[in-house]
Amino acid sequence: VQLQASGGGLVQAGDSLRLSCRASGSTPIKYGMGWFRQAPGKEREFVANIDWSNDRTRYADSVKGRFTISRDNAKNTVYLTTNNLRPEDEAVYYCAAGPHYRTINGMYDYWGQGTLVTVSS
């Protein structure tokens, strides 16, 4: 499974971006997908995830109410809509995927290359 993330860029505080992550290759029939981020000098942290059927989503407290994760299974693509971006949201954002029974336990088997989000104040 290969994951290709895109959509990052330089924005001002308060702006929005939509990140995309397309999965290709032998994707599991039921797979969960998630977004993580890593800021310079910090550890990678969980941002959001979505299960294979779109019925359940989960968010880090720091992004609740501002970020929305969604997916289009027909396109094998997961999106992260980021609204009201703050300087502390600046990071490399990574998408990840894995079999549903693993991702519901926070374990991901496949990772994308990351897309940089830069937020100026």
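By convention here, the first residue in the shown sequence is residue 1.
Applying the salt bridge (Lys or Arg N to Asp or Glu O under 4.0 Å) criterion to Lys42, with sequence neighbours excluded, gives no partner residue.
The line from CZ of Arg22 to CG of Leu3 is 10.5 Å long, rounded to the nearest 0.5 Å. Rounded to the nearest 0.5 Å, atoms OG (Ser6) and OH (Tyr93) are 15.0 Å apart.
Taking every heavy atom of both residues into account, Thr103 and Ala97 meet most closely at CG2-C, 4.3 Å. Of all heavy-atom pairs between Asp51 and His100, the closest is CB-CE1, 3.4 Å. Contact detail for Ser121 and Pro87: the closest heavy-atom pair is CB-CG, 3.8 Å. Between Tyr31 and Ala23, the shortest heavy-atom distance links the atoms OH-CB, 4.4 Å.
Between the side chain of Gln113 and the backbone N or O of Ala5, at least one donor-acceptor pair lies under 3.5 Å. Checking side-chain atoms of Thr82 against main-chain N and O of Leu17 turns up a donor-acceptor pair under 3.5 Å. Here the side chain of Ser120 pairs a donor or acceptor atom with the backbone of Val11 at under 3.5 angstrom.
Hydrophobic clustering places Val78 together with Val1 (ILVMFWY residues linked when any side-chain heavy atoms are closer than 4.5 Å, directly or through intermediates). Taking hydrophobic clusters as Ile, Leu, Val, Met, Phe, Trp and Tyr residues chained together by side-chain heavy-atom distances below 4.5 Å, Ile104 does not share a cluster with Val47. Met33 and Tyr108 are members of different hydrophobic clusters when ILVMFWY side chains are connected at heavy-atom separations under 4.5 Å. Using a 4.5 Å cut-off between side-chain heavy atoms of Ile, Leu, Val, Met, Phe, Trp and Tyr, with links allowed through other members, Leu80 and Val117 fall into the same hydrophobic cluster. Cluster annotation: Leu19 is connected to Tyr59 through the hydrophobic network of ILVMFWY side chains, with a link wherever side-chain heavy atoms come within less than 4.5 Å.
Relative orientation of the Phe46 and Phe36 rings is perpendicular, given thresholds of 30° and 60° on the angle between their planes.
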> Given the rule in the side chain to side chain contact (heavy atoms under 4.5 Å, CB included) test, do Tyr79 and Thr68 qualify, once you have shown the distances and angles that lead to the verdict?
Replying inline: CA-CA 8 Å; Tyr79 304 97; Thr68 302; over 6 Å; no

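The stretch residues 107-121 participates, sequence neighbours left out, in these salt bridge (charged side-chain N to carboxylate O under 4.0 Å, His left out) pairs: Arg102-Asp109. The list of salt bridge (charged side-chain N to carboxylate O under 4.0 Å, His left out) pairs with a residue in residues 89-99, not counting sequence neighbours, reads Arg37-Asp89, Arg66-Asp89.
With contacts defined as side-chain heavy-atom distances shorter than 4.5 Å, the pair Trp35/Cys21 qualifies.
Side-chain contact annotation: Asn84 with Arg86, donor-acceptor N/O pair under 3.5 Å absent.
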